Structures are given as structure tokens and as C-alpha cells.
Number of protein chains: 2
Amino acid sequence: MDETDGGGAAGRGRAVLIEDGVEFDGRDATLLRAVHEAGSVAGAASELGRSRARALSRIEALEEAFGTLVDRRRGGSGGGGSRLTDDGRALLDRYDRLQAVLAATARVPETVLAGTVKEVDGELAVIDTAVGTVRGLNGETAVGDAVQVRIGADAVTIYERGERVDPDATSARNRLRGEVVGVDAGETVSTVRVAVDGVPFRVLITAESAERLDLGIGDEVAIRWKATATRVVGHATESDP
Amino acid sequence: MDETDGGGAAGRGRAVLIEDGVEFDGRDATLLRAVHEAGSVAGAASELGRSRARALSRIEALEEAFGTLVDRRRGGSGGGGSRLTDDGRALLDRYDRLQAVLAATARVPETVLAGTVKEVDGELAVIDTAVGTVRGLNGETAVGDAVQVRIGADAVTIYERGERVDPDATSARNRLRGEVVGVDAGETVSTVRVAVDGVPFRVLITAESAERLDLGIGDEVAIRWKATATRVVGHATESDP
DNA sequence: CGCGGTTGTATCTATGCCGATACAACGACG
DNA sequence: CGTCGTTGTATCGGCATAGATACAACCGCG
């Protein structure tokens with residue numbers, strides 16, 4: 001249910017912000033969040049079950065690279081305390097955005113095509129696959145290489161045959177015709193499986209699109225996706241056996 | 001040049017495959033790749049400057065969770081050797097795909113809107129922002145929360161006013177009108193900055209679309225993006241100061 | 001003026017991971 | 001039948017990180 005595809009293992013993404021070689025990761029994010037909630041580094045450390053001295057030195061190390069993140073003051077009412085600076089909040093917000101997007105990306109089902117590079121034009125590559133030639137963004141592959149073409153299910157649009165194509169369609173898009181072989185209706189999004197020459201494509205559509213298209217198994221449909229949402233990844237095993 | 005946006009620090013994503021609590025990360029991927037290239041675990045370890053015994057025990061630990069990954073045999077011509085199994089190659093391929101997609105995602109410029117949650121319907125949320133109400137995928141936020149709305153520049157489509165909208169448009173899309181305030185032409189993709197009520201949106205378009213639209217600063221355009229490509233992320237600082 | 005809880009700072013210790021090393025088992029090949 | 005380079009397996013030591021502890025400095029407040 002929580003699985004993304006037939007890959008078996010669960011795939012995840014972890015966000016990292018890097019500045020001057022210092023990495024701001026999830027552990028740092030929870031630390032800053034705890035400081036914000038507790039109002040002090042000491043309180044945050046004890047809340048997290050971490051060493052206060054370590055937490056403090058970690059914050060100092062981060063600040064050396066990212067600038068002032070925590071406004072710390074000692075003495076005064078309550079003995080002092082610490083609050084996030086505007087920069088600290090901004091950094092934390094940015095981390096949260098990145099982490100949210102990466103987590104969402106890692107969850108997206110994918111369809112994978114095996115192919116060979118036919119042509120490379122800058123970042124764009126043309127790949128020969130079982131369903132014809134497709135275009136995608138290249139990643140360090142050269143003409144003739146055996147590659148895998150990765151298409152995110154959220155980038156694919158499904159439409160019924162005869163339907164007019166949108167005006168911003170460019171030659172950099174991929175189009176194929178196929179047959180619906182499965183519909184997994186969800187609350188807000190549905191996963192549709194479309195077979196193209198026997199190759200199953202996963203397509204993510206919104207509930208509204210699902211209602212509009214009213215897809216059923218056996219329906220003939222066309223699918224379309226942007227080349228920029230297609231990644232060409234070199235095969236792990238190219239050379240000698 | 002390599003920067004993604006005004007966030008300052010470089011954002012990255014690291015892929016991880018998880019099974020039974022065991023994490024397959026980039027270090028493991030390079031190990032498997034080296035084993036494939038060297039034809040032996042010993043050769044791979046020395047190539048990477050890592051301990052052979054550690055590499056071996058790491059592979060065993062991985063195999064306990066992911067299944068047989070490396071076909072190891074001792075004795076024989078050359079003293080033996082190791083090769084990746086089909087499962088091993090498949091796992092490595094999957095890791096490479098995920099890493100490629102996450103890296104690409106982390107590079108995408110973003111536009112961020114501050115807003116408050118107006119309505120939540122399942123996974124979809126309606127947010128009040130400076131440019132009006134927008135829809136996006138919710139992530140653990142509730143009505144009334146102060147949130148940040150994150151829109152990936154690659155998900156935004158730009159089109160000239162009066163142009164017909166595509167047929168798969170649903171009410172789950174967001175539309176706005178604005179003015180072009182900057183064009184950063186690239187080789188295969190260009191980054192366009194569109195101001196909507198003074199709020200700058202970053203839009204990524206292909207070179208072909210750039211040519212077709214022939215955008216110049218001051219042009220009045222409309223932008224559109226799918227709600228499913230919009231993430232609603234809770235603000236770090238909601239509660240007391 | 002002392003109290004209290006926090007920030008600074010230094011140091012010791014535990015822990016876990018990794019490299020290094022050593023040695024046995026293995027089996028095709030000359 | 002010995003050689004050779006590999007896979008198994010066990011153990012030791014180093015190193016980096018984090019927790020634990022201790023103590024000084026700070027300062028609003030009662």
C-alpha cells in the first residue's frame with residue numbers, strides 16, 4: 001500500500017543543505033525545531049535526549065557556515081534562552097520544503113524502459129526502446145550506451161483518442177497509444193496502468209481527471225509526457241561480465 | 001551558476017532504499033558498482049581504499065535484507081571472484097534512477113508563497129496567498145495554519161494571453177496572469193521570471209517553448225500549474241515566540 | 001544580594017564504525 | 001599436487017562522534 005512500485009524496497013530521499021562543506025541535515029532540522037519550541041538550547045537538548053554541550057557546539061559549527069541561526073542570550077529572567085533568528089527560520093523552512101518535495105518525489109511510481117542511446121543533443125537524448133523512440137534528459141550517457149529510461153507517473157498525461165492536444169505541445173514531448181489494463185482509484189489521485197505494446201506504463205491522474213475520462217479496462221487511450229520529466233540513466237552493467 | 005535559487009545554500013537530495021530496517025545508500029551503491037567493475041570484492045575494496053573484510057560483511061548485511069546481491073565464489077581460476085546477481089543489478093539500477101531523480105528535483109528552482117490554509121479536502125488544500133487562492137497537496141497542515149506554498153519551476157507552464165487552454169485542464173489547476181520581468185536563456189531550458197502582483201514566479205521552459213513564445217521583458221503572460229505539483233508545507237514557526 | 005536557569009567551555013568516557021591484520025578454506029589450472 | 005588469488009572469519013586498534021560531567025560566566029528578578 002505504501003509501496004511505490006515493483007521495486008520491492010521502499011525508496012526515500014533525504015534533504016541536505018550544503019554551505020562551505022558543512023551539511024545541514026534532518027538531525028539539524030529537528031534540533032532547530034526543538035530550540036524554537038523549547039525556547040532554549042538546553043531545553044531542546046533534554047527534550048531530544050541529546051547532549052546539551054554537543055547541541056551547542058553543533059549550532060556553532062552550523063553558524064560558522066550558514067550565518068547566525070540562533071539568538072542565544074544568557075542571564076536574565078529564566079536564566080536566559082535562545083530563539084531562532086530570521087535566517088534560522090528561513091533555513092529551516094527551506095529544508096522543510098526540500099524534504100517535502102524529495103519525499104513526494106521518492107513516492108511517485110515510475111515506469112522504466114530499457115533502451116539504447118540513439119542521439120544526444122546537449123542535455124536532451126533520443127532513446128530507442130521497445131515502444132519506439134523517446135526523448136529524455138540525459139545524464140552522462142553517450143550514443144550507443146544501454147540505458148534505462150525513467151518516467152515519473154505524475155508527469156504523464158492521459159487523454160482519449162481524438163481529443164485535441166494542448167497548444168503548448170512541442171516536439172520535445174513523447175506520445176504513445178495504449179490500452180488501459182488497470183485502474184487503482186484513490187481518494188485524490190488514481191494510478192492507471194496503460195499497456196503500450198505490452199509494456200505497462202504507470203500514470204497518476206487526479207480524481208477530477210479520472211471522473212472526466214471515466215476510464216475502464218480495455219479502453220484505448222493515448223498518453224503524453226514531457227521530455228524534461230524523463231530521465232535517462234546509465235545502466236549499472238554496461239561493460240564486461 | 002550552480003545555485004538553484006535565492007536560498008543561498010546548495011540543496012541536495014540523497015537516495016536511500018530501505019528494507020527490513022537496512023538502508024542501501026550511496027556508499028553501498030558505489031561498492032556494488034566497484035564489485036561489478038573489478039569482478040571481485042577484494043579488488044573493489046582495494047580500488048575504493050576500503051577494508052575488504054568490512055566490504056564483505058557489509059554485503060552480507062545487505063543481503064540479509066535485500067536478498068542475494070552478489071554471486072561470490074572462492075577457489076578456481078584466478079582464485080575465484082564475485083559478480084552481481086540479477087537482483088543486485090536491479091537494485092543498483094533502481095538506486096541510480098532514484099538518485100538521478102532526486103538530484104534533478106533538488107536542482108529545480110522554486111517559488112515560495114506565504115499563506116494561510118483556507119480549506120482542506122483530503123490531500124488537497126486551498127491556500128490564501130498574496131496572489132489569490134491556490135491549490136496544493138497538503139502535508140500535515142490544518143485550516144488556519146500559516147504555511148508556505150512551494151511551486152516547482154518545472155511544473156509551471158507559461159502561455160500568452162488569449163491562447164487556448166489545453167483540454168485536460170481541470171479545476172485542480174492554478175492560473176495566474178503576470179508580467180515577464182526576466183529571462184535567463186539556457187542551452188536546453190530557460191528560466192523565466194514572471195511577476196504576479198509583484199510576486200516573482202520562476203518558470204522553467206524548454207528551448208523550443210522559449211522560441212515559440214519569444215518572450216521579452218514586459219510581456220503580459222499567463223502561467224498555469226497543476227495542484228499536484230504544489231506542496232503545502234507547514235511553517236517552522238507557528239506557535240509562541 | 002543571592003537565586004535560578006541558561007549560555008559558554010573544557011574534559012573524560014562510551015560507543016560504533018572502519019581499517020588493518022592474520023589465518024583457514026577453497027578450487028581451477030598448470 | 002602445489003600455486004595463487006579469492007572468499008570466509010575472527011580479532012585488534014584507531015578515529016570520529018556523541019553523551020556525561022563539571023565549572024565558570026551571565027543577568028533579570030524577587
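Letters A, B, ... mirror the listed sequences (proteins, then strands); counts begin at 1. Since we're looking at a predicted model, the values are computed, not measured. The figures here come from the full heavy-atom set of this structure, side chains too, leaving out hydrogens, waters and symmetry mates.
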For the pair made of CZ in B/Arg73 and C1' in D/dG5, what is the distance, rounded to whole Å?
-> 16 Å
For DNA chain C, find the residues of residues 22-29 of chain A with a heavy-atom distance under 4.0 Å and give them by number; none if there aren't any.
-> none
Sidechain-backbone polar pair: B/Thr116 side chain, B/Asp145 backbone, donor-acceptor under 3.5 Å = no
Nearest-neighbour nucleotide for the A/Arg72 side chain, C/dA20, D/dT6, C/dG8 considered = C/dG8
For residues B/Leu32 and B/Phe24, determine if any side-chain heavy atom of one lies less than 4.5 Å from a side-chain heavy atom of the other.
-> yes
Using atom CG of B/Asp71 as one end and atom C1' of D/dT6 as the other, report the distance to the nearest whole Å.
-> 13 Å
note: A/Glu60, atom CD; C/dA10, atom C1'; distance rounded to Å ~ 13 Å
What residue pairs, at least two apart or across chains, pass salt bridge (charged side-chain N to carboxylate O under 4.0 Å, His left out) with a residue in residues 38-59 of chain A?
-> A/Asp28-A/Arg58
Closest to the B/Ala53 side chain, choosing from C/dT21, D/dT6, C/dG8 | C/dT21
Heavy atoms of other groups near B/Arg12 CZ, more than 12 under 6.0 Å | no
Given atom CG of B/Leu31 and atom P of C/dC18, what is their separation to the nearest angstrom?
-> 11 Å
Note, B/Arg231 side chain near B/Glu110 side chain (heavy atom, < 4.5 Å) | no
Can you tell me the distance, in whole Å, between the CZ atom of B/Arg50 and the P atom of C/dA20?
-> 12 Å
Starting at atom CG of B/Leu56, determine the distance to atom P of C/dC18, rounded to an integer number of angstrom.
-> 14 Å
Crowding at CG, B/Asp121 (>12 non-hydrogen neighbours, <6.0 Å) = no
Is there a donor-acceptor contact under 3.5 Å from the side chain of B/Gln148 to the main chain of A/Asp93?
-> yes
Please tell me which of the listed nucleotides, C/dG8, C/dA24, D/dG19, lies nearest to the side chain of B/Arg74?
-> C/dA24
Between CZ of B/Arg54 and C1' of D/dG8 the distance, given in whole Å, is 14 Å
What protein N or O atoms touch nucleotides 28-30 of chain C N or O atoms at under 3.5 angstrom, if any, and at what distances?
residue: C/dA28; atom: O4'; partner: B/Ser77; partner atom: N; Å: 3.2

Heavy atoms under 4.0 Å, any strand shown: does B/Ser82 hit a base, just sugar-phosphate, or nothing?
-> sugar-phosphate
Specify the separation, in whole Å, of atom CG of B/Leu48 and atom C1' of C/dC18.
-> 14 Å
Please tell me if the side chains of A/Thr105 and B/Leu102 come closer than 4.5 Å, counting only heavy atoms from C-beta onward.
-> yes
Are any non-hydrogen side-chain atoms of B/Glu64 and B/Val22 less than 4.5 angstrom apart?
-> no
Of the nucleotides D/dG8, C/dC12, C/dT9, which has the atom closest to the A/Arg52 side chain?
-> C/dT9
